[in-house]
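In each ligand, atom 1 is the first atom listed, and ligand 1 is the first ligand listed. We're numbering straight along the sequence, starting at 1.
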Amino acid sequence: MSDIVVVRDLEKTYEGGVTALRRVSLDIRQGEILALLGPNGAGKTTLISCICGISQPTSGTITVGGHDTIADYRAARALIGLVPQEINLEPFETVMNTVRFSRGLFGKGSDDGLIERVLRQLSLWDKRDAKVMALSGGMKRRVLIAKALSHEPRVLFLDEPTAGVDVELRRDMWDTVARLKGEGVTIILTTHYIEEAEAMADRIGVIAKGDIQLVEDKETLMRRLGQKQMTIELHDTLSEVPAGLERYDLALGEDGHSLIYSYDTQGARTGITKLLSDLAAEGIVLRDIQTRQSSLEDIFVGLVREDAP
Ligand SMILES: Nc1ncnc2c1ncn2[C@@H]1O[C@H](COP(=O)(O)OP(=O)(O)O)[C@@H](O)[C@H]1O
Ligand SMILES: [Mg+2]
């Protein structure tokens, strides 16, 4: 798969001195759903705004479909649909006109057939003549998506599409996103819900304090999330892992004073009870035990903590 968006060494410092992005580099693959997961203030909206040309990068480069977002702004922007974090719709306008107008803004000729398809796809066709103010919150969010799709973008950015939305509507949104992907649209969404990233994404990027901490396939990430390490401090030094304990995933600590056991917290059993009794059977005397989450989980725990009010 080729990369449709390429971000290199992107830095953004706002007037007033807040640095929202620190040398961010990111490749977004054609056709994927990428979730950018991070707490409030991490820089998610700033990153999207820079890619969409709403916010001027301090330094670094961005291309969309091979077009530089500054030198070749129009060509780059034409490929992008943006669903903003805030609902910003004209309340007295009808759904149909709202979406039509949006297409016009991109200099595209009117195409009511296309707009009908978009509205049907988002289950808004029955509401085409309703005024925006008469719609529920979930429907307004779908109108925002319809607007973003009105000019046939190849990349769709959804900035916190389900923040403050109830659970049912959230699932609805997840289904909508899956359908759009099925039609070949590349989707980047931001969220501060781990389970949302898990439910929707092909890849997950973790962003915190203006830095992309990691970008990884969801499956790999979820497996690593389940890994934990237990360090068993020993009374006496060992020169090697005893033969009787070979079936465990054990490593000898640097000085031979500890054994390190890796296990899967999501597995049916951790194996800890059996390991401890087998250690005793080998005549190994323990001094202390510590468990440690994988570094990835540390990141997540850190994110959640920062997210708390
Ligand atoms: N227009 C702005 N002017 C100054 N600082 C801003 C502006 N927009 C965002 N920031 C700051 O940049 C940082 C990142 O914000 P933002 O990109 O909105 O994060 P997120 O979308 O992840 O919540 C925050 O510290 C925020 O206060
Ligand atoms: Mg934001």
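Across all their heavy atoms, Leu36 and Lys44 have their closest contact at O-CD, 3.7 Å. The two residues Leu114 and Ser150 make their nearest non-hydrogen contact at CD2-O, 3.3 Å.
Excluding waters, the set of protein N, O or S atoms lying under 2.8 Å from the Mg ion (ligand 2) comprises Thr45 OG1, Gln85 OE1.
Listed by chain and residue number, the protein contacts of ligand 1 are Tyr14, Val18, Ala20, Pro39, Asn40, Gly41, Ala42, Gly43, Lys44, Thr45, Thr46 (heavy atom within 4.0 angstrom).
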Side chain to side chain contact (heavy atoms under 4.5 Å, CB included) between Asp27 and Arg8, intermediate numbers included: CA-CA 9 Å; Asp27 298 320; Arg8 282 290 169 273; 3.0 Å; yes

Show, in sequence, the C-alpha distance, side-chain angles and deciding distance for Tyr14 and Ser55, and conclude whether the side chain to side chain contact (heavy atoms under 4.5 Å, CB included) test is met. CA-CA 9 Å; Tyr14 284 105; Ser55 190; 4.2 Å; yes

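At least one donor-acceptor pair closer than 3.5 Å links the side chain of Asp111 to the backbone N or O of Gly113.
A salt bridge does not link Asp3 to Arg29: none of the charged side-chain nitrogens sits closer than 4.0 Å to a carboxylate oxygen. Between Arg179 and Glu183 there is no salt bridge, since no side-chain N of the basic residue sits under 4.0 Å from a carboxylate O of the acidic one.
For the side-chain hydrogen bond (donor to acceptor under 3.5 Å, both in side chains) condition, the pairs that include at least one residue of residues 270-289, sequence neighbours left out, are Arg247-Asp278, Tyr248-Asp278, Lys274-Asp278.
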All N/O donor-acceptor pairs, side-chain side in residues 64-83, below 3.5 Å, sequence neighbours left out:
residue	atom	partner	partner atom	Å
His67	ND1	Asp72	OD2	3.0
Asp68	OD1	Ile70	N	2.8
Asp68	OD1	Ala71	N	2.9
Thr69	OG1	Ile62	O	3.4
Arg77	NH1	Ile80	O	2.7

